[in-house]
Structures are given as C-alpha cells and as structure tokens.
Amino acid sequence: KQVLSFEATNDTAQNNTSTNDSAKIEPKVLKSDEMRAVWVSYFELSMQNSSDKSEKAFTEKFSKIADNCIGVGFNTLIVQVRPFGDALYNSKYFPWSHVLTGTQGKNPGYDPLKIMCDICKKKGLKIHAWVNPYRIINSDSDINLSDDNPYKKDSSMGLKTKSGIY
C-alpha cells in the first residue's frame, strides 16, 4: 500500500523569496513505516452537547474523523482517552468521561476505545492512546466530578491552581 503526501517546493526557496503563489505542490510517496500522526482530542470526540449520544452516533463521528485524517494523508491517530482524570474506556481506577454522556461517571453503554480501535483497524490506520495524567479539571470547566474520581476520593492527589486542579 502506498501513501501519498504532498510537499511544497519552490525554485527560489534558497533565496527565501518564495510566496504562496509561487510554491508548487508535488506528491511524494511515503515510506510505509513513516508515521504521519494527528492528535484527536476530547474536543473532537465530545458527545456531551449532542442530542444523540448513542453508540451509533459515536461510531459515525469517529469514522468521519478517521476518513478526514486519511483524506489528508495521516496514517496514525493519537487519541485522547483520559482527558480529566476520567476515561473513554472502562477502568478500575477512573470514572467514565463526561465527554461521552455529559456526566462524569455515567457509563455510555458501549466501549468507545474498542470502537475507535476497530475503525482504525478497518481503515488501515494505527492508533495510539493519549493519556493526560495530571489534569483533573480546568477552572473554566463545568464538569461535576463523580464520586469515583480519584481526586474526590483523595484530594491530596491533586494541586489546586488558578487554572484548575492538577
């Protein structure tokens, strides 16, 4: 399988006199082991403001994200699976993420990480988990921490700052 990427070139690039109008876009074949990755944050995955928070809606949303990434030449998705001391997977240590249902600790009734892995496998993408190990909550966030959030169980685990709890 060949992956194409596009590279801007310019005959006058050595003189630093190029402009966007004079740049040429030329395809180049990527090595099969070359990583072209994009970060997929909880913002892109968020279902909390959607009227449909179903498994089908999440699957369609992530499938579109994967298709868009493929369309611009990425071969790897680095997906945020632990945004706020919570998780987009079933965990013994962290509650379900508010990103999925709007309420931290509420089980969405499906396995988002499995869905994302299955979609990536089907579409020939690699997937990596992005874990934010420190952030519990931002000061401008309206998240209500669930009772099973590690910080709620032991507040000595975090540090309160002006920008949130970490």
Note to self: Any heavy-atom pair between the side chains of Lys53 and Leu100 that's under 4.5 Å?
What the structure shows: no

Margin query: Could you tell me if the side chain of Leu125 sits less than 4.5 Å from the side chain of Thr76, heavy atoms only?
Written below: no

Next item on the list: In sequence, state the C-alpha distance, the side-chain angles, and the governing distance for Ser50 and Asp52, and then conclude on side chain to side chain donor-acceptor pair (under 3.5 Å).
Entry: CA-CA 5 Å; Ser50 299; Asp52 184 0; over 6 Å; no

Note to self: Under a 3.5 Å threshold, yes or no: a donor from one side chain and an acceptor from the other, between Glu44 and Ser41?
What the structure shows: yes

Checklist line | Any side-chain heavy-atom pair of Val79 and His128 under 4.5 Å | finding: no

Item checked: Note, Val40 side chain near Gln80 side chain (heavy atom, < 4.5 Å) -> no

Next item on the list: Answer yes or no: is there a side-chain heavy-atom contact under 4.5 Å between Leu77 and Cys69?
Entry: yes

Check: Going by distance alone, is a donor N or O of one side chain under 3.5 Å from an acceptor N or O of the other, for Ser146 and Asp148?
Finding: yes

Check: Val99 and Trp130: same hydrophobic cluster, using ILVMFWY side-chain contacts below 4.5 Å?
Finding: no

Margin query: Under 4.5 Å between side-chain heavy atoms, counting indirect links through other Ile/Leu/Val/Met/Phe/Trp/Tyr residues: same cluster for Tyr151 and Ile137 or not?
Written below: yes

Check: Are Lys122 and Asp118 close enough for a salt bridge, meaning some N to O gap below 4.0 Å?
Finding: no

Check: Can you hop from Leu113 to Met47 via hydrophobic side chains spaced under 4.5 Å?
Finding: yes

Check: Should Ile78 and Ile119 be regarded as members of a common hydrophobic cluster, given that ILVMFWY residues are connected when their side-chain heavy atoms come within less than 4.5 Å of each other, either directly or indirectly?
Finding: no

Checklist line | Residue pair His98 / Asp86, side-chain heavy-atom distance below 4.5 Å | finding: yes

Margin query: Is there a side chain to side chain contact (heavy atoms under 4.5 Å, CB included) between Leu45 and Met116? Walk through the geometry before answering.
Written below: CA-CA 10 Å; Leu45 301 171; Met116 292 185 287; 4.1 Å; yes

Check: In this structure, which one of Phe58, Tyr89, Phe62 forms a ring pair (Phe, Tyr, Trp, His ring centres under 6.0 Å) with Tyr110?
Finding: Phe58

Check: Would one find more than 12 heavy atoms of other residues, nucleotides or ligands at under 6.0 Å from atom NZ of Lys61?
Finding: yes

Check: Do the side chains of Tyr134 and Ile143 join up, straight or via other hydrophobic residues, at under 4.5 Å, putting them in one cluster?
Finding: no

Margin query: For Gln104 and Asn149, which I'm curious about, is there any donor-acceptor pair between the side chains at under 3.5 Å?
Written below: yes

Note to self: For the aromatic rings, using the six-membered ring if either is Trp, is the centroid distance between Phe84 and Tyr42 under 6.0 Å?
What the structure shows: yes

Next item on the list: Taking the side chain as every heavy atom from C-beta outward, state whether Pro112 and Ser97 have any atom pair closer than 4.5 Å.
Entry: no

Notebook entry, point to check: If you measure from SG on Cys117 to NZ on Lys126, what distance do you get to the nearest 0.5 Å?
Noted result: 14.0 Å

Next item on the list: Tell me yes or no: between the side chains of Thr101 and Thr103, is some donor less than 3.5 Å from an acceptor?
Entry: no

Note to self: So Trp96 and Leu88, do their side chains get closer than 4.5 Å, heavy atoms only?
What the structure shows: no

